[in-house]
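Just so you know, ligand 1 is whichever comes first in the structure, and atom 1 is the first atom listed for that ligand. Predicted model, so just to flag it, every value in this text is computed and none were measured. All heavy atoms count here, side chains included; hydrogens, waters and symmetry mates do not.
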Amino acid sequence: MATVKIFDTTLRDGEQAPGCSMNLEEKLEVAKQLETLGVDVMEAGFAVSSPGDFESVKSIAGIIKNSTVASLSRSVNKDIDASYEALKNAVSPRIHLFLATSPIHMQYKLKMSPEQVLERAVEMTKYAKSLCGNVEFSAEDATRSDREFLKRVVYGVIDAGANVVNIPDTVGFTTPTEMYDLVAYLKENVPNIDKADISLHCHNDLGMAVANSLEGVRAGATQVECTVNGLGERAGNAALEEIIMALGTREPFFGCETRINTQQIYRTSRLVYSIIGQTAPMNKAVVGANAFLHESGIHQHGVLAEKTTYEIFTPESIGINQNRLVLGKHSGRHAFETRVSELGYALTREEIDSYFVKFKEICDKKKTVTDADLEAILSQKEYNQSLYRLLTFDVHSGKNASAVCVIRLERDGGQFEEVALGDGPVDAAYKAIDKITNAPESVLEMYTIHSTSDGKDALGEVTIKLRAGERLVTGRGLSTDIIESSILAYLNAANKLLS
Ligand code: KIV
Ligand code: ZN
């Protein structure tokens, strides 16, 4: 059976999308999870694009042992040099070059003739190869390129040493049949094509990214580029979880396998959503909350009689634990610890101690604590390590009246109280906190709230991102009271800015 390699670009193409920025700590967490998931290659960033990106590529390259780590570079020496530098410590580094090959990109963006593009592609592939044994060349906007010209570029870069040639559908323009034909054409017409992997990189502008990738695989592509939850520029990239589950569920049809541990899919998806402060749309394929719910009577009847009537893969196969055990006020530390480890978390004693405090606090306000609540608690890192802690708050707000918040915080044994007016209770609370903490001036780049479960006593999980110059910090807060969650999230982020 053929193996398809999975190239994940969540940390580069995904992170590039508006609202999806991650800080270094978050990127490292995602990188480790991608390694656990079993991706063959992870694109850690675009090293030359900023000092922050350079640092992330370098740090990820330093810790990842079981996946190849790639850095993107335009086809110019300085980008390649930056990627090379950042990847130096990687166990398995890859320099990923790109240069556009479509008439529209060559004429308007690059202002280069096709011959110049071909020459540059070959020259830069040779240069990258002189520094790194593993080079990928991407013919940007390949699906809108002239086939004859694309064929010459692909031949040229493979001849120059490229190990992988990528055929991106940069603007999500192509269709599944066209993608099949294009890959088949390259396989038939490029004499040295067997010396390299053919890769696909499909964007989702017309909602066909996954279908286009799968058809390319059927035609003989051996690498697919994708992102967790389909994050990416504009409408996103092909979603990793959808590609994996399609290839796995229809294995006899596609005739190929991947190295991915599918039981890590749900965890990976949740991690990425939680970092960007979003949740999966209800009906999102594979990881949406409704993906395994059967509402209509006929479907329920069918599923009760035989699961496979309406379920083509099991929740367990993507790592959703069906154990409906719930914890509550009377659950002790042992039950908490057992459930946490059943959910797949390996925590240190100190972490267990810290999360258990938060768990107990929540049990006082909420009758039952579900797995979803537990996962939310476990995403509240540094809960007990704050500089400033919330002691009390008092808010008043109403229609046609300014909101006011009185807040009392504690730091190193001292207590501080401030009051502020605001445009709503959250704004008032944040202004009062600013007065106390004097944290570096920042912009609130993102604020999201979602409930971790159903019911009026559900936990509200707030995620915020604060930007202070180059620094981007994330804050999380969790409570049955959404004003408190908002305050905790802001304090969490402010404490990071101060530390
Ligand atoms: O969409 C695209 O063409 C890209 C390349 C840089 C691979 O992201
Ligand atoms: Zn892309």
Non-hydrogen atom of Arg12 closer than 4.0 Å to ligand 1: yes
Go through ligand 1 atom by atom and flag the ones less than 4.0 Å from a non-hydrogen atom of His203. 1 (O)
Enumerated ligand 1 atoms positioned under 4.0 Å from heavy atoms of Glu140: 3 (O)
To the closest 0.5 Å, what do you measure between CD (Glu375) and OG1 (Thr370)? 9.0 Å
Do Glu115 and Arg152 have side chains that get closer than 4.5 Å, going by heavy atoms? yes
Which of Asp141, Leu110, Val153 passes side-chain contact (heavy atoms from CB on, under 4.5 Å) with Thr101? It is Val153
Check: Thr10/Asp8 side-chain N/O donor and acceptor closer than 3.5 Å: yes
Apply the side-chain contact (heavy atoms from CB on, under 4.5 Å) test between Leu34 and each candidate in Ile64, Val41, Val228; give the one that qualifies. Val228
Less than 3.5 Å between some nitrogen or oxygen of Asn166 and one of ligand 1, yes or no? no
Take the angle between the ring planes of Tyr430 and Tyr490 and call it parallel below 30°, perpendicular above 60°, tilted in between. parallel
Indicate whether the side chain of Thr143 and that of Asp169 have a donor and an acceptor atom separated by less than 3.5 Å. yes
Any N or O on Asp13 sitting closer than 3.5 Å to an N or O of ligand 1? yes
Metal environment of the Zn ion (ligand 2), protein N/O/S under 2.8 Å: Asp13 OD2, His201 NE2, His203 NE2
Going by atom types only, do Ser67 and Glu35 share a side-chain donor-acceptor pair under 3.5 Å? no
Please report, to 0.1 Å, the donor-acceptor pairs under 3.5 Å made by any side chain of residues 249-258, with sequence neighbours excluded.
residue	atom	partner	partner atom	Å
Thr249	OG1	Met245	O	2.5
Thr258	OG1	Ile260	N	3.3

Within 45° cone and under 6.0 Å: Arg267 NZ/CZ vs Tyr345 ring: yes
For atom 4 (C) of ligand 1, closest protein heavy-atom neighbour: His201 NE2, 3.4 Å
Atoms in ligand 1 flagged as close to Pro168, the criterion being non-hydrogen separation under 4.0 Å: 3 (O)
Below 4.0 Å, non-hydrogen atoms only: which portion of Glu225 touches ligand 1? Side chain, backbone, both or neither. neither
the protein heavy atom lying closest to atom 3 (O) of ligand 1 turns out to be Thr170 OG1, 2.7 Å
State the CD1-NZ distance between Ile60 and Lys27, to the nearest 0.5 angstrom. 7.0 Å
Top protein contact for atom 7 (C) of ligand 1, by heavy-atom distance: Ser138 OG, 3.7 Å
